[in-house]
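Working notes, structure below.
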Amino acid sequence: MTIPVKQIYPRTGDKETIYLKHVITNPNITVGDFTMYNDFVNDPALFEKNNVLYHYPINHDKLRIGKFCSIACGAKFLFNSANHTLSSLSTYPFPLFFEEWGLEKKDVTKAWDHKGDIIIGNDVWIGYEAVILAGVTIGDGAIIGTRAVVTKDVPPYTIAGGVPAKPIKRRFPEEIISALLEIQWWNWSEERIARNIGAIQSGNIEQLKQSM
Ligand SMILES: CC(C)(COP(=O)(O)OP(=O)(O)OC[C@H]1O[C@@H](n2cnc3c(N)ncnc32)[C@H](O)[C@@H]1OP(=O)(O)O)[C@@H](O)C(=O)NCCC(=O)NCCS
């Protein structure tokens, strides 16, 4: 069986949909196999420039995205340099203009608050134009609704939406979620996933549990 995971464009004739990992050049960004990005406005291959914002190398912030995620057009990841520091009496970023104000160049990162990396699990669906803020972890199987602004962690298999994003509901009963988190089908071989696509699609958790 041939699965075109090594191609940027997995769908014949479709240049708007990519397997994201193939366009990542920044060592602070990692994306798992089969995670897809679709963009019908801009070139999806420009994901690092258009969708990973305020991600300055000096901060060493990490963006980690798991396998089999679906990232919709215009979803954005806003990193720490977007957060003008609130510990100052002014939000004006004086440290950025260190030459003008006679400040130390080495203190330039004091211009912003550091909230941490962004971690996206596996099989996460991020809706159209959703915004994920620095420091947020989104669990396996979660769904982020269109135009959500995600300011806090989202547990696995939870649908979150709104501004700021709040949990809307859990996708499955607790026992199914536990089983899925234990099975971690996304770490299976391509052949094993292919053999079990029917069970995944139809919600047959018992078949997944018994799969070899
Ligand atoms: C989040 C989403 C998956 C929820 O789907 P759903 O489970 O069918 O949800 P429902 O339509 O039953 O709505 C459930 C509740 O969530 C609210 N809701 C749904 N989508 C929401 C969103 N994006 N933001 C905020 N609230 C939302 C509904 O108003 C409803 O609220 P209520 O319970 O107070 O009445 C869906 O609304 C969504 O945003 N999908 C993303 C679509 C997209 O961006 N696709 C891009 C192409 S891949």
Side-chain angles (χ1 to χ4, degrees), residues 3-5 7-24 29-53 63-79 82 118-181 185-186 193 197 199-205 208:
I3 296 177
V5 71
Q7 296 176 11
I8 293 179
Y9 303 105
R11 285 166 38 82
T12 306
D14 178 359
K15 290 283 166 71
E16 294 180 345
T17 305
I18 58 172
Y19 280 150
L20 190 54
K21 66 178 272 186
H22 299 297
V23 303
I24 300 302
I29 305 177
T30 56
V31 177
D33 288 341
F34 295 100
T35 282
M36 52 145 292
Y37 177 58
N38 171 267
D39 198 320
F40 47 83
V41 178
N42 297 301
D43 179 355
L46 299 178
F47 177 85
E48 285 179 319
K49 177 175 185 291
N50 292 334
N51 303 72
V52 185
L53 307 182
L63 172 59
R64 304 269 180 245
I65 303 177
K67 300 176 185 176
F68 290 96
C69 293
S70 308
I71 304 177
C73 184
K76 296 203 167 39
F77 303 85
L78 251 67
F79 273 92
I118 297 178
I119 312 291
I120 312 295
N122 304 280
D123 192 13
V124 172
W125 174 28
I126 300 179
Y128 174 74
E129 291 190 341
V131 175
I132 321 292
L133 296 186
V136 163
T137 293
I138 298 178
D140 297 325
I143 298 174
I144 306 304
T146 183
R147 293 202 160 158
V149 176
V150 186
T151 61
K152 293 196 165 70
D153 293 354
V154 178
Y157 289 97
T158 299
I159 302 178
V163 182
K166 303 276 186 207
I168 293 173
K169 57 187 162 188
R170 305 202 78 187
R171 293 184 54 203
F172 305 115
E174 191 54 47
E175 63 273 18
I176 305 270
I177 293 176
S178 300
L180 284 164
L181 293 175
W185 62 263
W186 43 84
I193 293 171
I197 280 180
I200 292 171
Q201 287 187 293
S202 65
N204 189 338
I205 194 77
L208 286 193

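The structure presented is a predicted model; accordingly, all values stated were derived computationally and were not measured. Just follow the structure's listing: the first ligand is 1, and inside any ligand the first atom is 1.
- Rounding to the nearest 0.5 Å places CZ of F68 at 12.5 Å from CG of D140.
- The protein does not reach atom 8 (O) of ligand 1 closely, with no heavy atom under 4.0 angstrom from it.
- Between the N122 side chain and the K67 main chain, a donor and an acceptor come within less than 3.5 Å of each other.
- Atoms of ligand 1 found under 4.0 Å from any heavy atom of G145 (numbered from 1 in listed order, with element): 1 (C), 23 (N), 39 (O).
- Considering only heavy atoms from C-beta on, D39 stays 4.5 Å or farther from F47 through its side chain.
- The protein non-hydrogen atom at the shortest distance from atom 40 (N) of ligand 1 is W125 CH2, 3.8 Å.
- T146 places a side-chain N or O within 3.5 Å of a backbone atom of Y128 that can act as its donor or acceptor partner.
- Using the six-membered ring where Trp is involved, F172 and Y157 have ring planes that are tilted, between 30° and 60° apart.
- The contact set between ligand 1 and A72, taken as ligand atoms under 4.0 Å from a residue heavy atom, comprises 46 (C), 47 (C), 48 (S).
- For atom 43 (C) of ligand 1, the nearest non-hydrogen atom of the protein is Y128 N, 3.8 Å.
- Atoms of ligand 1 found under 4.0 Å from any heavy atom of I159 (numbered from 1 in listed order, with element): 1 (C), 7 (O).
- Counting heavy atoms closer than 4.0 Å to ligand 1, residue I168 contributes side-chain atoms (C-beta onward) but none from N, CA, C or O.
- A donor-acceptor pair under 3.5 Å links the side-chain atoms of T158 to the main chain of P156, judged by distance alone.
- Close approach of ligand 1 to K169 (heavy-atom distance below 4.0 Å) involves ligand atoms 6 (P), 7 (O), 9 (O), 12 (O).
- A heavy-atom distance below 4.5 Å is found between the side chains of F77 and I126.
- Ranking protein heavy atoms by distance to atom 22 (C) of ligand 1, first place goes to T146 O, 4.1 Å.
- Using cut-offs of 30° and 60° on the angle between ring planes, the pair Y19 and F34 is perpendicular.
- Taking a distance limit of 4.0 Å, we find that atom 13 (O) of ligand 1 is approached by no protein heavy atom.
- For atom 18 (N) of ligand 1, the protein comes within 4.0 Å by at least one heavy atom.
- Every residue meeting the side chain to side chain contact (heavy atoms under 4.5 Å, CB included) condition with L53, not counting sequence neighbours, appears here in chain and number order: K76, L78.
- With rounding to the nearest 0.5 Å, the separation of CD1 in I8 from CG in L20 is 10.5 Å.
- Distances from atom 29 (O) of ligand 1 to the protein include no heavy-atom value under 4.0 Å.
- In this structure, atom 37 (O) of ligand 1 is not in close contact with the protein, since no protein heavy atom lies within 4.0 Å of it.
- Ligand 1 has no atom lying under 4.0 Å from any heavy atom of E129.
- Protein non-hydrogen atoms do not reach within 4.0 Å of atom 34 (O) of ligand 1.
- Shown here, atom 24 (N) of ligand 1 is in close reach of the protein: a heavy atom of it lies under 4.0 Å off.
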